[in-house]
Amino acid sequence: MTSPVNLAPIVLFCYNRPWHLRQTIEALQHNTLASGSNLIIYSDGPRHESDKPLVKEIRGYLRELKGFKDIKVVEADRNNGLAISVIKGVSEVLKLQGKIIVLEDDMLTTPDFLAFMNEALDTYQSRADIFSVTAYCPPIPFPAGYGKDLFLAPRASSWGWGTWIDRWNKADWSVSDFVSLKKDRNKVKEFAKGGEDLWPMLVKQQQKVIDSWAIRWTYCQFKNNAFGVYPVRSKIKNIGTDGSGTNFTFKTGYYGEDMNPEKIEIDPNIQPDAEMIKLFGDYYRLPFYLKIKNWLKYQL
């Protein structure tokens, strides 16, 4: 059990969605470890004139916030975007704290979310083959008789996740080996075990079509032969897939609705399960029309 004096700081990134942010924070306030946890909130600046009232409303709300051991709000003067905000913010906090729990402004959590995340971070800190932990699980089928509460996947989650400074420092945010990777079809195939969408996302990132910290973080995990720890049942629910988000401009329920309030048994010696990795990867299989589009537009 994590000592109350050694709880990981919570870092929350927000932009222009006051309603979503309130839901996220109210759920966090109901966590059993909230009052003993430090909360650092990065509030991005407005991108458009129409964003200014929303950003102002958010910052007014944050100034009155209570329910945590300590609250720090970092207000950006201009719009940095999510990727820069996350890379910079996570790096800053990890330099001081060594471990971290990260949320965005559209995540509902169970009351034991912080307890689970802290226990997982402490349990797997010494495992060099584990780069991240998360409280989210996509709605994938599980093999009959799979008796564990957790599994390992060759992908990092960007929803309710945590990591440690020594792993985060291994990330190459410029992906300097991309040219050689592109020529190695076996490596590309291995990378895709975490989902058929990963390679197209990395290509689009390098072509500046998208700006994603998460795909570069997942590639870092892959390069280091490492895994992310996932629960069999989520302790987190994304409420940003309603069309309001920067990355989700369409409405979808594809990512699951259920949250598990029950205690998760954390196995410190958990190992990769080939069947689970296949089922996980299959969930992120691309539809045929997208494969054609990627081939025509990006020569994938």
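On a predicted model such as this, the values are computed, not experimentally measured, just so you know.
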Please assess Met117 against Ile236 for the test side-chain contact (heavy atoms from CB on, under 4.5 Å), listing each intermediate value before the final yes or no. CA-CA 11 Å; Met117 291 295 291; Ile236 202 156; over 6 Å; no
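- Partner of Leu121 under the side chain to side chain contact (heavy atoms under 4.5 Å, CB included) criterion, chosen from Val133, Ile100, Thr163, Leu7: Val133.
- Residues Ser85 and Phe13 come closest through the heavy atom pair O-CE2, 3.1 Å.
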Begin from the C-alpha positions of Leu108 and Met259 and carry the test side-chain contact (heavy atoms from CB on, under 4.5 Å) through to its verdict. CA-CA 9 Å; Leu108 299 186; Met259 289 199 294; 4.2 Å; yes
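- Side chain of Asn31 to backbone of Phe113: a donor-acceptor contact under 3.5 angstrom is found.
- Comment: Asp273 does not engage Lys148 in a salt bridge, judged by the lack of any side-chain N to carboxylate O separation of less than 4.0 angstrom.
- The shortest side-chain heavy-atom distance between Val232 and Asn260 does not fall under the 4.5 Å cut-off.
- Of all non-hydrogen atoms in Cys137 and Pro231, the two that sit nearest each other are CB-O, 2.9 Å.
- Of all the heavy atoms in Met107 and Gly160, the pair that sits closest is SD-N, 4.5 Å.
- Taking a cutoff of 4.0 Å between a charged side-chain nitrogen and a carboxylate oxygen, Asp211 and Arg216 qualify as a salt bridge.
- From Gln23, atom CD reaches atom OG1 of Thr109 across 11.5 Å, with rounding to the nearest 0.5 Å.
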When you look at Lys72 and Asn38, which way does the side-chain contact (heavy atoms from CB on, under 4.5 Å) test go after all the steps? CA-CA 8 Å; Lys72 177 182 178 184; Asn38 294 330; over 6 Å; no
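- Minimum interatomic distance between Pro18 and Glu57 (heavy atoms only, all atoms of both residues): CB-OE2, 3.5 Å.
- Cluster membership check: Tyr42 shares its hydrophobic cluster with Ile165, using side-chain heavy-atom separations under 4.5 Å among Ile, Leu, Val, Met, Phe, Trp and Tyr.
- Asp177 has its side chain within reach of Lys223: a pair of non-hydrogen atoms, C-beta onward, lies under 4.5 Å apart.
- Pro272 and Leu152 get closest at one heavy-atom pair: N-CD1, 3.6 Å.
- Follow the hydrophobic side-chain contacts under 4.5 Å out from Leu54 and you never reach Trp19; the two are in separate clusters.
- Phe191 is listed as a side-chain neighbour of Thr218, based on a closest heavy-atom distance under 4.5 Å.
- By the 4.5 Å heavy-atom criterion applied to side chains, Cys14 and Ile58 are counted as neighbours.
- Taking the ring centroids of Trp168 and Trp217, they lie under the 6.0 Å cut-off.
- For Asp149 and Lys263, the salt-bridge test fails: no basic side-chain N is under 4.0 Å from an acidic carboxylate O.
- Surrounding CD of Gln271 are more than 12 heavy atoms belonging to other residues, nucleotides or ligands, all under 6.0 Å away.
- Annotation: side chain of Leu279 is in contact with side chain of Pro141 (closest heavy-atom distance under 4.5 Å).
- Separation of atoms CD1 (Ile101) and CH2 (Trp161) is listed at 11.0 Å; rounding is to 0.5 Å.
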Please determine whether side-chain contact (heavy atoms from CB on, under 4.5 Å) holds for the pair Lys52 and Lys56, giving the CA-CA distance in whole Å, both sets of side-chain angles, and the decisive distance to 0.1 Å. CA-CA 6 Å; Lys52 288 183 178 179; Lys56 184 178 179 181; over 6 Å; no
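- If you check the side chains of Asn238 and Tyr136, you find no donor sitting under 3.5 Å from an acceptor.
- With salt bridges taken as basic N to acidic carboxylate O contacts below 4.0 Å, none links Glu92 and Lys95.
- Here Arg167 contributes atom CZ and Ile130 contributes atom CD1; the two are 8.0 Å apart, rounded to the nearest 0.5 Å.
- With Thr110 as the fixed residue, the side chain to side chain contact (heavy atoms under 4.5 Å, CB included) test singles out one of His30, Lys235, Arg233: Lys235.
- For Phe151 and Tyr146, the distance between ring centers is not under 6.0 angstrom.
- The CG atom of Asp70 sits 11.0 Å away from the OG atom of Ser37 when rounded to the nearest 0.5 Å.
- A salt bridge links Asp282 with Lys278; the closest basic N to acidic carboxylate O contact falls under 4.0 Å.
- The closest side-chain heavy-atom distance from Val93 to Val102 is not below 4.5 Å.
- Side-chain rings of Phe178 and Trp199 approach one another, their centers coming within less than 6.0 Å.
- A salt bridge does not link Arg17 to Glu104: none of the charged side-chain nitrogens sits closer than 4.0 Å to a carboxylate oxygen.
- Looking only at distances, a side-chain donor or acceptor of Arg127 sits under 3.5 Å from a matching main-chain atom of Ile270.
- Of the possible donor and acceptor atoms, none in the side chain of Thr134 sits under 3.5 Å from a partner among the backbone N and O of Tyr230.
- In this structure, Val55 is not a member of the same hydrophobic cluster as Ile84, with clusters built from ILVMFWY side-chain heavy atoms closer than 4.5 Å.
- Ion pairing of Lys193 with Glu190 is present here, as a side-chain N (NZ or NE/NH1/NH2) and a carboxylate O approach within less than 4.0 Å.
- One distance of note links CG of Leu198 with CG of Leu202; it measures 8.5 Å at 0.5 Å rounding.
- The cationic atom of Arg155 (NZ for Lys, CZ for Arg) does not lie both less than 6.0 Å from the six-membered ring centre of Phe280 and within 45° of the ring axis.
- Looking at Phe227 and Val229, their side chains never come closer than 4.5 Å, going by heavy atoms from C-beta outward.
- For the pair Gln125 (side chain) and Ala120 (backbone), a donor-acceptor distance under 3.5 Å is absent.
- The side-chain heavy atoms of Asp267 and Asn269, taken from C-beta on, include a pair separated by under 4.5 Å.
- Within the 3.5 Å criterion, the main-chain N or O of Ile239 finds no donor-acceptor partner in the side chain of Asp106.
- Expressed to the nearest 0.5 Å, how far CZ of Phe116 lies from CD of Glu119 amounts to 8.5 Å.
- In plain terms, the two heavy atoms of Ser132 and Trp164 that are nearest each other are N-CZ3, 3.9 Å.
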